[in-house]
Amino acid sequence: MHIIQQLLFILCSGIAVFFFAKKVAEIRRNINLGRDEDITDNPSARWKNMILLALGQKKMFKRPVAAFLHLAVYAGFIIINLEILEIFLDGILGKHRLFAPMLGNLYPFLIGFFEVLAVLVLTACVIFLIRRNILKLRRLNMPELNGWPKSDANIILTTEIILMGLFLTMNTIDLVLQSRGVEHYTQTASFWITGNFTWLYSNLSTATLIGIERTCWWLHILGIFLFLNYLPFSKHLHIILAFPNAYYGKLIPQGEIKNMPDIQNEVLYMMEPDKAPPATDAQPEHHRFGAKDIQDLSWKNLLDAYSCTECGRCTAVCPANMTGKKLSPRKIMMDTRDRMEEVGKNIDVNKTFQDDGKSLLNDYITTEELRACTTCQACVEACPVSIDPLSIITQLRRNLVMEDSNAPQEWNMMFGNIENNMAPWKFSPDDRDKWVEELAG
Amino acid sequence: MAEYAASGETPEVLFWVGCAGSFDQRAQKVTKAFATILDKVGIKFAILGKEEMCTGDPARRAGNEFLFQMMAYNNIHTLNGYGIKKVVTICPHCFNIFKNEYPALGGNYEVMHHTTFLQQLINDGRVRIKEGGAFKGKKITYHDSCYLGRGNNIYDAPREVLAALDIELVEMKRCRSNGMCCGAGGAQMFKEEEAGTTRVNFERANQAMETGASIVAVNCPFCTTMLTDGIKNKEKEDSVAVMDIAEMVVASLA
């Protein structure tokens with residue numbers, strides 16, 4: 001009997017890892033659809049950011065309630081994984097509570113600690129569900145979340161509750177079976193939480209209990225395998241990508257916009273023609289100004305999109321969004337990911353990307369949204385995992401203005417004024433220092 | 001600046017006035033206030049005068065990189081031609097361009113925003129504030145501009161200047177790195193807002209008025225305009241004033 005369970009387990013884990021790896025490769029390919037961007041500078045500052053922001057969750061604490069609950073789930077997730085290691089080895093080797101003899105008195109202490117975490121995770125997830133579905137927090141109930149994103153969030157929370165429930169039930173029954181001296185159930189001291197609930201099952205027969213315990217064990221580990229494979233399809237992928245994303249986050253001041261060297265050179269050659277390289281017959285590589293689709297964005301922009309867990313801290317502080325405009329930085333990230341997935345599927349089917357007549361700009365993100373941005377960087381500052389929605393917005397704006405000459409009339413007037421009067425307003429350049437006379441007079 | 005160059009003298013600092021400071025009537029008052037302080041302290045400063053041009057900030061943020069590069073080329077040409085090393089400006093947008101975006105184009109200057117400059121002058125004892133000045137004990141709130149605050153992490157210098165004026169600083173709920181935009185950045189100053197439930201400047205002005213402060217201290221000519229309009233919208237312009245920190249300092253000089 002045990003050997004069949006072991007073989008079955010090895011098969012299940014193999015399948016789970018295979019499909020996960022396949023999806024990871026696909027995501028990697030999609031991220032690499034983006035423009036190349038060298039982000040290898042200053043590794044020590046980057047490691048520091050990763051440790052503070054991803055591991056230490058520094059920016060989460062701007063909202064203390066959510067931060068505490070999130071920390072509980074996060075710590076629970078990471079630390080309970082140690083227990084999963086034991087369960088995994090149990091599955092392969094058929095040796096129950098493998099670590100118990102090695103760790104001695106420490107073992108019940110550790111399991112007790114995991115149980116406390118499991119209860120914290122369970123409670124936090126219930127509170128999260130309440131915040132989303134009953135209290136209806138504004139930032140978790142905005143129009144861009146309708147449909148799949150809301151279901152995604154509820155699936156994640158429910159799954160975690162179920163997994164924790166199974167873990168706790170499994171331990172409780174394990175204790176009952178231990179007390180009856182059933183073979184295979186290694187003797188340990190009582191566990192902190194489940195030790196208080198053994199009475200729940202004391203009336204059931206040993207065979208029934210073994211049945212329930214095994215079912216819980218299998219559902220728990222299969223649930224974990226399924227959850228692993230659910231991750232890449234879900235916003236929950238942030239639990240992995242938060243780390244690289246924080247590492248590759250912007251180190252330069254937030255106010256800085258990336259230079260466009262090709263346009264810089266074009267202006268230089270125009271002003272100083274002697275510096276221009278000699279004309280050749282070679283056709284310059286086709287190259288878009290700004291970004292129209294995901295391939296024009298940098299790979300970091302695309303990594304940002306996959307790292308986003310749609311928490312909406314960016315949108316909650318966006319002045320445009322707060323005052324009822326259509327712009328939502330979170331939607332910018334969600335649209336980028338959706339379009340990236342669409343392009344990825346196109347490549348899966350056609351080997352290389354075949355023009356589908358769509359683009360991120362216009363089909364996903366509208367000019368109205370882009371125009372409403374004040375470039376105030378509140379969204380960049382708010383993101384706990386160093387996502388930069390503003391970078392995508394400014395690149396799309398560049399495309400609108402430079403390739404489509406699509407700017408509101410007032411902006412065209414402003415451009416004209418800068419060009420002709422060297423100021424965004426229609427004043428005579430001769431009056432620029434008029435204030436000096438007024439001050440002297 | 002041309003006059004300094006002609007006489008072979010070098011000024012201590014170049015005062016980059018900016019378009020708003022040069023042309024906008026309200027911002028001109030800030031320009032004059034800051035120039036008065038510099039004069040009074042005896043700092044040898046120059047302006048480019050008619051040679052100054054828009055830095056290109058609104059063009060770049062609207063997406064018109066070509067126009068930005070043209071302006072940048074011309075300005076850097078002028079500044080490098082005069083051998084300018086140190087720049088001070090009353091506009092956080094110009095400040096950000098000088099500090100973060102001109103270096104990539106060959107324009108390397110030590111640049112300071114006027115609030116940092118004033119803070120240093122006060123710390124060095126070059127600017128002396130009179131005891132029991134006009135703002136002593138007054139309830140004043142301070143609005144962080146995006147490009148000074150989040151953009152460049154300057155939160156304390158302006159607050160230290162305010163502290164030197166002996167005011168009672170009442171912070172808005174959204175301040176410092178969580179400060180809310182006035183609505184002018186990203187070239188919004190030059191166009192109508194998109195359709196929404198309210199205007200950004202109305203919202204921010206309301207937040208400022210909720211503190212009960214009689215003065216909203218600012219550091220940016222665009223914030224000044226936006227918040228003033230927001231206060232007028234609530235017809236509170238008689239009880240709540242919007243003042244640049246330079247204006248507050250000039251009124252408090254010993």
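Order of the sequence lines fixes the chain letters, A, B, ..., with proteins taken first and strands second; residue numbering starts at 1 for each chain.
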Could you tell me whether A/Arg432 and B/Glu52 make a salt bridge, using a distance below 4.0 angstrom between a side-chain N and a carboxylate O?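 Salt bridge: yes.
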
B/Glu194 and A/Lys325 ion-paired at < 4.0 Å: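 No, B/Glu194 and A/Lys325 are not salt-bridged.
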
Can you say whether [X] sits under 4.5 Å from chain B via the side chain, the backbone, both, or neither, judging by heavy atoms?
X: A/Met270; result: side chain
X: A/Met260; result: both
X: A/Ser428; result: backbone
X: A/Pro408; result: side chain
X: A/Glu266; result: side chain
X: A/Trp435; result: both
X: A/Ala372; result: both
X: A/Val436; result: side chain
X: A/Lys62; result: side chain

Could you state the interatomic distance from [atom1] ([X]) to [atom2] ([Y]), rounded to the nearest 0.5 Å?
X: B/Glu65; Y: A/Met402; atom1: CD; atom2: CE; value: 6.0 Å
X: B/Cys19; Y: A/Ile418; atom1: SG; atom2: CD1; value: 7.0 Å
X: A/Glu381; Y: B/Cys146; atom1: CD; atom2: SG; value: 11.0 Å

Does [X] have more than 12 heavy atoms from other residues, nucleotides or ligands lying within 6.0 Å of its [atom1]?
X: A/Met413; atom1: CE; answer: no
X: A/Lys136; atom1: NZ; answer: yes
X: A/Lys250; atom1: NZ; answer: yes
X: A/Lys59; atom1: NZ; answer: yes
X: A/Phe61; atom1: CZ; answer: yes
X: B/Lys234; atom1: NZ; answer: no

Against chain B, work out which of [options] has the most heavy-atom pairs shorter than 4.5 Å and name it.
options: A/Trp411, A/Phe289, A/Phe415, A/Phe427; value: A/Trp411
options: A/Val267, A/Thr323, A/Leu439; value: A/Thr323
options: A/Gln395, A/Gln377, A/Lys258; value: A/Gln377
options: A/Thr394, A/Leu390, A/Val317; value: A/Val317

Distance-only side-chain donor-acceptor flag, A/Arg397 / B/Asn64, under 3.5 Å: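 A/Arg397 vs B/Asn64: no donor-acceptor pair found between side chains.
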
Just by distance, with hydrogens left out, do A/Glu256 and B/Asn152 show a side-chain donor and acceptor under 3.5 Å apart?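 Per modelled atom types, A/Glu256 and B/Asn152 side chains form no pair under 3.5 Å.
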
Between [options], which has the largest tally of heavy atom pairs under 4.5 Å with chain A?
options: B/His93, B/Met189, B/Glu51, B/Met71; result: B/Met71
options: B/Gly21, B/Ala195, B/Pro92; result: B/Ala195
options: B/His77, B/Met70, B/Gln69, B/Met53; result: B/Gln69
options: B/Lys191, B/Glu192, B/Lys99; result: B/Lys191
options: B/Asn74, B/Asn96, B/Val17, B/Asn100; result: B/Asn100

Which atom names give the shortest non-hydrogen contact between [X] and [Y], and what distance separates them?
X: A/Asn259; Y: B/Ala104; answer: ND2-CB, 4.2 Å
X: B/Gly151; Y: A/Pro253; answer: O-CB, 3.3 Å
X: A/Cys376; Y: B/Arg150; answer: O-NE, 2.7 Å
X: A/Pro429; Y: B/Phe23; answer: CA-CZ, 4.4 Å

[X] side chain to [Y] main-chain N or O, any donor-acceptor pair under 3.5 Å?
X: B/Gln188; Y: A/Cys373; result: yes
X: B/Glu101; Y: A/Ile257; result: yes
X: A/Thr374; Y: B/Gly185; result: no

Which pairs, with at least one residue in residues 19-37 of chain B and sequence neighbours excluded, count as a side-chain hydrogen bond (donor to acceptor under 3.5 Å, both in side chains)?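 Passing the test, one end in residues 19-37 of chain B: A/Glu438-B/Lys32, B/Arg26-B/Glu247.
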
Candidate pair B/Tyr147 and A/Gln254, rule side chain to side chain donor-acceptor pair (under 3.5 Å), full reasoning: CA-CA 9 Å; B/Tyr147 278 87; A/Gln254 265 170 22; over 6 Å; no

With side chain to side chain contact (heavy atoms under 4.5 Å, CB included) as the criterion, how do B/Phe66 and A/Gln264 come out once you've worked through the C-alpha distance, each side chain's angles and the decisive distance to 0.1 Å? CA-CA 8 Å; B/Phe66 199 84; A/Gln264 182 192 348; over 6 Å; no

Taking it one step at a time, do B/Lys50 and A/Asp433 satisfy side chain to side chain contact (heavy atoms under 4.5 Å, CB included)? CA-CA 6 Å; B/Lys50 296 173 181 50; A/Asp433 51 2; 2.9 Å; yes

Region of [X] that comes under 4.5 Å of a non-hydrogen atom in chain A:
X: B/Ala20; value: both
X: B/Phe222; value: side chain
X: B/Ile47; value: side chain

Side-chain heavy-atom pair B/Pro58, A/Met414 within 4.5 angstrom cut-off: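 Side-chain contact under 4.5 Å: yes.
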
Show the numbers, then the answer: is there a side chain to side chain contact (heavy atoms under 4.5 Å, CB included) between B/Arg60 and A/Arg398? CA-CA 8 Å; B/Arg60 181 170 241 196; A/Arg398 281 175 169 170; 3.7 Å; yes

Hey, mind stepping through B/Phe190 and A/Glu410 against side chain to side chain contact (heavy atoms under 4.5 Å, CB included) and telling me if it holds? CA-CA 6 Å; B/Phe190 306 101; A/Glu410 302 121 298; 5.6 Å; no

Contact residues of residues 174-184 of chain B (partner chain A; heavy-atom separation under 4.5 angstrom):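 Counting heavy atoms that sit under 4.5 Å from chain A, the residues of residues 174-184 of chain B involved are B/Arg174, B/Ser177, B/Asn178, B/Met180, B/Cys181, B/Gly183.
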
